[in-house]
Amino acid sequence: MNTKPLLDPYGRAISYLRVSVTDRCDFRCVYCMAENMTFLPKSELLSLEEIELLCRRFMAFGTRKIRLTGGEPLVRRNIIALIQNLGAEVEKGNLDEITITTNGSQLANMAEALYGAGVRRVNVSLDTLNADKFRTITRRGDLAQVLNGIRTAQKVGLAVKINAVALKNFNEDELGDMLAWCGDAALDMTIIEVMPMGELDGVYRHDQYLPLSELRTRLSQRFTLQEIDYRTGGPARYVRIAETGRKLGFITPMTHNFCESCNRVRVTCTGMLYMCLGQDDHANLRDALRGGGAEALDAAICDAIARKPKGHDFIIDRTHDKPATARHMSVTGG
Ligand code: SAM
Ligand code: SF4
C-alpha cells in the first residue's frame with residue numbers, strides 16, 4: 001500500500017478522513033436540523049460498497065484514521081458490515097483507527113458489535129443531563145436511552161468522549177456540572193462552539209452563540225485547567241482537569257482559527273469531498289467513482305486536495321446571521 005501522504009498546497013498531510021454515511025437521523029437537534037428536514041433520495045447516497053472503496057483509495061493516499069459520522073451513523077442499515085471491513089484494516093496495520101461520532105441512541109444495542117468490529121473509541125454527543133432539556137434540544141431524544149448506551153459502551157471496553165455544543169441560555173450554566181459528571185464517569189469531554197451551517201427555520205445563530213473564551217473563564221473558577229500539548233491535528237485544544245484527571249477539549253472555530261494544522265477532509269453521504277468544513281468548494285467523488293471507477297476517483301481526490309484552502313471564513317454576529325455554508329452539519333458530518 002502506498003503510504004506517501006497526500007500533501008495540500010500548504011504542506012499539510014491529509015491523514016484523517018471523516019465520512020458521513022447518512023443524512024438521516026432519529027433526532028432533530030435544533031442547531032443541526034430543521035424540524036421538517038427533507039432527506040435525500042436514497043439513490044443519491046453512496047452505497048456502503050462505494051463508501052468502502054472510497055475509504056480504501058484515501059488509505060492508499062496515506063489516510064491513517066477514519067471517522068464515520070452523519071446524520072446518525074448507527075441508523076444506517078448494515079453499517080456494522082462496513083465498520084468490520086475497515087476494522088480489519090486496522091488489524092492489518094493499514095489504518096491506525098476507525099471511530100464514530102454518534103448521538104448514542106443505538107449504542108446500548110450496538111456497542112458490543114462496534115467493539116467486535118474493531119472500534120475502540122466513540123464520541124457521543126450530549127448537550128445536557130436534564131431529560132426535559134434533552135428532549136427539547138434534540139426535539140425527540142430520550143436521555144435515559146443515551147446514558148444507558150454510554151454505560152454499555154464503557155462496559156464493553158469502548159473509550160467514550162462526550163461532545164457538547166455550548167448554547168447560550170440553554171446549557172451554559174450546566175456545562176460545569178457536566179464536566180464534573182464526566183470526571184465521575186471516566187469520560188473525556190469536548191465543548192464545541194456552535195457553527196453557522198445550514199438554514200434553520202426560525203432559529204437565529206446569534207441567539208445560540210456562546211464564545212468559549214467566556215465559558216473557559218467561568219469553568220476555571222470551579223476547576224483547575226492545566227495546559228497540555230495533546231493535539232489531534234484537529235480544531236480542539238485540550239486541557240487536563242486537575243480535580244478529575246480527565247481531558248477537556250475546546251473547539252473554537254469562531255474565536256480561534258484552527259486551520260494551520262488541519263490534517264483532515266470530509267466526504268458527505270452523497271460522495272462530495274469537502275476540503276474545508278467552512279468552505280463550499282468541493283469535488284464530486286460520486287460521479288468520478290460511478291463514471292470512471294477507482295482510477296477516476298484517484299484523479300479526483302488528488303485534484304481536490306491540490307485545492308484545499310488555507311482556512312475557513314466563519315463569522316457569527318448580528319450582521320452575519322446567514323449560514324457560512326448552505327449545507328447542514330448532518331450532510332457534511334461534524
Ligand atoms: N448524529 C451524530 C451526533 O450527533 O454525534 C453525528 C453527526 S453530528 C452532525 C456531529 C456533531 O456535530 C455533533 O456533536 C453535533 O453536536 C455537532 N453539530 C451539529 N450541528 C452543529 C453546529 N451548527 N455547530 C456546532 N456543532 C454542530
Ligand atoms: Fe442528528 Fe447528530 Fe444532527 Fe443531532 S447533531 S440532529 S443527533 S445528526
Side-chain angles (χ1 to χ4, degrees), residues 18-37 39-40 67-76 79 99-107 110 114 121-128 134-143 145-146 149-150 153 160-168 170-171 175 178 188-200 203-212 234-236 249-255 258 264 266-269 274 277-278 312 314-316 321-334:
R18 297 171 76 105
V19 186
S20 173
V21 296
T22 178
D23 62 333
R24 287 160 172 77
C25 186
D26 49 346
F27 292 178
R28 296 285 183 282
C29 301
V30 297
Y31 47 78
C32 178
M33 291 194 182
E35 169 86 69
N36 299 309
M37 281 294 278
F39 293 111
L40 297 163
R67 177 176 296 279
L68 303 184
T69 173
E72 174 47 42
L74 297 185
V75 303
R76 173 99 196 223
I79 192 66
T99 56
I100 62 163
T101 298
T102 173
N103 64 24
S105 68
Q106 310 302 313
L107 262 185
M110 295 177 77
L114 288 171
R121 295 191 310 136
V122 297
N123 287 356
V124 179
S125 304
L126 180 63
D127 303 323
T128 173
F134 186 77
R135 187 163 291 274
T136 305
I137 201 77
T138 60
R139 292 202 185 98
R140 57 196 63 184
D142 176 359
L143 178 67
Q145 191 180 335
V146 172
I150 292 171
V160 179
K161 180 161 74 74
I162 300 297
N163 281 348
V165 177
L167 296 159
K168 193 154 81 175
F170 178 77
N171 61 4
L175 289 166
M178 283 187 74
D188 289 334
M189 181 176 181
T190 296
I191 303 179
I192 309 169
E193 267 177 357
V194 73
M195 292 176 236
M197 300 193 62
E199 291 282 2
L200 304 174
V203 177
Y204 296 99
R205 299 289 185 188
H206 186 266
D207 297 340
Q208 299 178 329
Y209 176 53
L210 171 69
L212 292 198
F250 293 97
I251 301 190
T252 56
M254 302 305 149
T255 45
F258 51 70
R264 58 200 58 199
R266 295 171 166 83
V267 176
T268 68
C269 52
Y274 282 88
L277 183 61
H312 69 68
F314 285 141
I315 308 178
I316 299 182
D321 219 2
K322 284 261 157 245
T325 67
R327 60 191 197 280
H328 289 90
M329 189 73 100
S330 52
V331 173
T332 327

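Counting convention: from 1, in listed order, for ligands and their atoms alike.
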Just jot down the ligand 1 atoms closer than 4.0 angstrom to any heavy atom of Thr102, in number order. 2 (C), 3 (C), 5 (O)

Which of the ligand 2 atoms, numbered from 1, are nearer than 4.0 Å to a heavy atom of Gly71: 8 (S)

Only heavy atoms of Glu193, strictly under 4.0 Å: list the atoms of ligand 1 that pass. 25 (C)

Going by the 4.0 angstrom heavy-atom rule, the piece of Val165 near ligand 1 is side chain

Judging by distance only, is a nitrogen or oxygen of Asp127 under 3.5 angstrom from one on ligand 1? no

Beyond-backbone contact of Gln145 with Phe134, side-chain heavy atoms, under 4.5 angstrom: no

Could you list the atoms of ligand 1 found under 4.0 angstrom from a heavy atom of Val194? 24 (N), 25 (C)

Report yes if some N/O of Ser125 lies less than 3.5 Å from some N/O of ligand 1; otherwise report no. yes

What I'd like to find out is whether the side chain of Asn123 reaches to under 4.5 Å of the side chain of Thr99, using heavy atoms alone. no

Ser125 heavy atom under 4.0 Å from ligand 2: no

Can you tell me if, anywhere in Cys29, an N/O/S atom lies at a distance from atom 4 (Fe) of ligand 2 that is smaller than 2.8 Å? yes

Where ligand 1 meets Glu72 - atom numbers and elements under 4.0 angstrom, heavy-atom basis: 1 (N), 2 (C)

Taking side chain as C-beta onward, heavy atoms only, is Val194 less than 4.5 Å from Leu167? yes

Do the non-hydrogen side-chain atoms of Ile192 and Tyr31 ever get within less than 4.5 Å of each other? no

Kindly indicate whether the side chain of Thr138, heavy atoms from C-beta on, has any atom under 4.5 Å from the side chain of Asn103. no

Using atom types as modelled and distance alone, determine if a side-chain donor or acceptor of Arg28 lies under 3.5 Å from a backbone N or O of Arg139. no

Tell me, do Gln106 and Asp26 make a side-chain contact under 4.5 Å, heavy atoms counted? yes

Residue pair Thr22 / Glu72, side-chain donor-acceptor N/O under 3.5 Å: no

Does any N or O in the side chain of Arg24 come within less than 3.5 Å of the main-chain N or O of Leu40, such that one atom is a donor and the other an acceptor? yes

Checking contacts here: is it the side chain or the backbone of Thr69 that comes within 4.0 Å of ligand 1, counting heavy atoms only? Could be both or neither. side chain

Contact (N/O only, under 3.5 Å) between Asn123 and ligand 1: no

Check: Gly71 N/O within less than 3.5 Å of ligand 1 N/O: yes

Considering Gly141, Gly104, Gly70, Cys25, which one's heavy-atom position lies nearest to atom 2 (Fe) of ligand 2? Cys25

May I ask you to decide if Lys161's main-chain N or O and Asp188's side chain share a donor-acceptor pair within less than 3.5 Å? no

Mark the output for Ser20 as yes if a heavy-atom distance to ligand 1 is under 4.0 Å, and as no if none is. no

